[in-house]
J.: 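Structure below; questions to follow.
What you see is a predicted model; the values in this text were computed from it and never measured.
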Amino acid sequence: MERPIRLRRSVLSVPANREKMVRKALSLPADVIMLDLEDSVPVDEKEKARHAVVEALTASGWNGRVRAYRINDMGTPFAYRDLVDVVEKAGSRLDVIVVPKVNDPSEIKAIDYWLTQMEMRFGLTKKIGLEASIETAQGMLRVGEIAASSPRLEALVFGIADYGASLGMPSGGISGHGDAEEPEATRLRWLFPLSRMAMAAKAAGLAAMDAPFGDFRDVQGLARSCAMSRALGYDGKWAIHPDQLDVINKVFTPTDDDVARSLRIVAAYEAARARGEGSVAVDGKMVDAASVRLAQVTVKVAETARRDRNRT
């Protein structure tokens with residue numbers, strides 16, 4: 001299964017049970033709209049929210065955005081119905097399923113098996129992708145195994161709040177790793193897990209997605225948080241508020257120099273394929289398959305960002 005190239009600068013998380021918020025999300029500049037069935041949905045509204053996900057996925061107005069939803073974690077009694085009820089009715093309109101609190105690669109493998117059976121049963125020709133959210137110490141310890149657990153896996157997501165809680169970190173009202181009120185020495189506590197997860201993701205050919213920044217009113221803090229994760233190799237960041245999208249998209253849009261080099265890599269790769277050659281050299285240096293894929297993603301991000309600017 002070849003992983004598709006998707007635009008993931010910004011991921012807007014929307015409670016699936018909030019119809020007005022879902023409708024509004026379709027008008028916002030998020031690359032991915034993620035309909036949430038987990039933390040933002042009360043227990044007594046889980047079933048209703050599943051139906052809302054189906055309605056939203058099959059509605060018009062997505063305009064090329066990535067269609068995603070988040071199930072409840074595999075340790076709950078809700079996860080299997082989150083999968084079955086949505087995929088059976090809207091699997092053909094779905095791009096990605098986000099799996100929260102992944103602690104073991106067996107969780108992703110189990111979902112892979114279920115999806116394969118449902119795709120065969122309902123004749124779904126487009127394979128549904130997965131994203132694994134790393135939110136605990138146990139998950140971070142096994143992040144390399146999780147990253148390699150399924151060809152459906154497209155991205156790893158860092159869950160900062162639950163990860164901090166699993167280690168017993170004091171929160172102190174901190175909203176994210178760009179919070180200006182947090183001492184610099186304390187902010188460094190996020191460097192290791194962010195780097196570890198990004199390395200695991202990139203080694204497996206996956207995207208790396210950063211956690212949301214909690215204080216949507218702190219624009220400078222959000223920008224610092226984005227810059228930090230971007231410098232570590234992250235491809236995008238979750239958003240919890242529409243006002244965060246422009247900042248996130250700007251930081252994670254590649255520079256002109258990045259685009260120019262990526263265009264050279266993609267052109268060299270395509271020329272090599274046309275000649276039947278397996279190796280690619282750019283600027284006198286050999287380029288591996290991972291670098292080619294990264295260049296393809298960079299070009300797609302740049303093209304989409306240019307289209308967005310032309311529409312405004």
Side-chain angles (χ1 to χ4, degrees), residues 1-6 8-9 11 32 34 38 66 68 70-75 79 83 95-116 127-169 176-177 187-212 225 228-238 252 287-298:
M1 177 178 171
E2 184 177 351
R3 292 184 175 97
I5 297 174
R6 304 194 197 276
R8 281 186 168 95
R9 295 171 303 176
V11 179
V32 182
M34 191 206 73
E38 196 209 11
V66 178
R70 179 169 66 172
I71 65 173
N72 288 273
D73 75 77
M74 294 288 280
L83 289 166
D95 295 315
V96 173
I97 297 173
V98 181
V99 186
K101 300 178 179 68
V102 178
N103 291 324
D104 191 285
S106 63
E107 298 172 40
I108 298 299
K109 292 178 181 179
I111 294 173
D112 189 334
Y113 291 145
W114 290 339
L115 289 177
T116 297
K127 295 293 183 181
I128 298 169
L130 295 174
E131 297 186 6
S133 189
I134 308 301
E135 305 181 49
T136 66
Q138 183 179 355
M140 193 63 73
L141 278 175
R142 306 195 70 178
V143 66
E145 299 172 62
I146 292 169
S149 61
S150 167
R152 291 183 186 274
L153 205 58
E154 298 182 14
L156 298 181
V157 182
F158 182 48
I160 189 171
D162 285 302
Y163 176 79
S166 77
L167 268 68
M169 290 181 176
H177 48 68
R187 283 203 301 270
L188 293 176
R189 63 182 171 167
W190 302 117
L191 283 176
F192 174 73
L194 283 167
S195 296
R196 181 183 177 99
M197 200 201 83
M199 285 187 286
K202 297 310 171 74
L206 311 180
M209 303 300 299
D210 192 17
S225 179
M228 177 178 174
S229 55
R230 180 71 185 93
L232 293 172
Y234 278 70
D235 300 277
K237 188 174 181 68
W238 280 24
F252 287 98
V287 178
D288 59 16
S291 297
V292 171
R293 180 174 174 78
L294 178 59
Q296 292 169 331
V297 172
T298 299

J.: Please identify each residue that fulfils side-chain hydrogen bond (donor to acceptor under 3.5 Å, both in side chains) with E135, with sequence neighbours left out.
T.: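 side-chain hydrogen bond (donor to acceptor under 3.5 Å, both in side chains) list for E135, sorted by chain: S133.
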J.: Please report the shortest heavy-atom distance between E38 and D73, naming the atom on each side.
T.: OE2-OD2, 4.3 Å
J.: side-chain contact (heavy atoms from CB on, under 4.5 Å) for L232 and L191? Distances and angles first, verdict last.
T.: CA-CA 9 Å; L232 293 172; L191 283 176; 4.1 Å; yes
J.: Could you walk me through whether V98 and V11 pass the side-chain contact (heavy atoms from CB on, under 4.5 Å) test, one step at a time?
T.: CA-CA 11 Å; V98 181; V11 179; over 6 Å; no
J.: Flag the pair Q138 / S166 as yes when at least one side-chain heavy-atom distance between them is below 4.5 Å, and no otherwise.
T.: no
J.: Which distance, rounded to the nearest 0.5 Å, do you find between the CD1 of I5 and the OG1 of T298?
T.: 9.5 Å
J.: Is there a side-chain contact between L130 and L115, using heavy atoms and a 4.5 Å cut-off?
T.: yes
J.: Once side-chain hydrogen bond (donor to acceptor under 3.5 Å, both in side chains) is applied, do any residues pair with D95, and if so which ones, sequence neighbours excluded?
T.: K126
J.: May I have all residue pairs that pass ring-ring contact (aromatic ring centres under 6.0 Å, His included) and include part of residues 95-116, sequence neighbours excluded?
T.: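 Output for this query is empty, none listed.
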J.: Who are the side chain to side chain contact (heavy atoms under 4.5 Å, CB included) partners of L167, not counting sequence neighbours?
T.: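 Residues passing side chain to side chain contact (heavy atoms under 4.5 Å, CB included) with L167: A137, Y163, M169.
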J.: Could you pull out all residues at least two apart from T136 that satisfy side-chain hydrogen bond (donor to acceptor under 3.5 Å, both in side chains)?
T.: N103
J.: If every non-hydrogen atom of I160 is compared with every non-hydrogen atom of P212, which pair is closest and at what distance?
T.: CG2-O, 4.3 Å
J.: Any side-chain heavy atom of L206 within less than 4.5 Å of one from R3?
T.: yes
J.: Write out all pairs satisfying salt bridge (Lys or Arg N to Asp or Glu O under 4.0 Å) with one or both partners inside residues 194-203, taking only residues at least two apart or from two chains.
T.: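 Those involving residues 194-203 are K202-D235.
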J.: Using side-chain heavy atoms (C-beta onward) and a distance below 4.5 Å, is M74 in contact with I111?
T.: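 SC-SC contact between M74 and I111 confirmed.
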J.: Classify the side-chain pair S225/K237 by whether it contains a donor and acceptor separated by less than 3.5 Å.
T.: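 Yes, because at least one side-chain N or O of S225 sits under 3.5 Å from a partner of the opposite role on K237.
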J.: Give, for atom CG of N72 and atom CG of L83, the distance between the pair rounded to the nearest 0.5 Å.
T.: 10.0 Å
J.: Using side-chain contact (heavy atoms from CB on, under 4.5 Å), reason through V96 and R8 one step at a time and then give a plain yes or no.
T.: CA-CA 12 Å; V96 173; R8 281 186 168 95; 3.7 Å; yes
J.: Kindly determine whether M197 and Y234 satisfy side-chain contact (heavy atoms from CB on, under 4.5 Å), including the steps that lead there.
T.: CA-CA 10 Å; M197 200 201 83; Y234 278 70; 3.6 Å; yes
J.: Cut-off 3.5 Å, no hydrogens considered: what does the side-chain donor-acceptor table look like for residues 140-151, sequence neighbours left out?
T.:
from	atom 1	to	atom 2	distance (Å)
R142	NE	E145	OE2	3.4
R142	NH1	D104	OD2	2.3
R142	NH2	E145	OE1	2.7
S149	OG	I146	O	2.6
S150	OG	D112	OD2	2.5
S150	OG	R152	N	3.0

J.: Can you name the closest pair of heavy atoms from L194 and F158 and give their distance?
T.: CD2-CD2, 3.5 Å
J.: To the nearest 0.5 Å, how far apart are CZ in R230 and CZ in F252?
T.: 7.0 Å
J.: Taking the basic N atoms (NZ, or NE/NH1/NH2) and the acidic carboxylate oxygens, is any pair closer than 4.0 Å for E131 and R6?
T.: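 Here E131 does not pair with R6 in a salt bridge, since their nearest N and O are not under 4.0 Å apart.
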J.: Just to verify, what does A295 make a side chain to side chain contact (heavy atoms under 4.5 Å, CB included) with, not counting sequence neighbours?
T.: S262, I265, V266
J.: With side chains defined as the heavy atoms from C-beta onward, is the minimum distance between P100 and I71 less than 4.5 Å?
T.: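 Heavy-atom side-chain distance check passes, below 4.5 Å.
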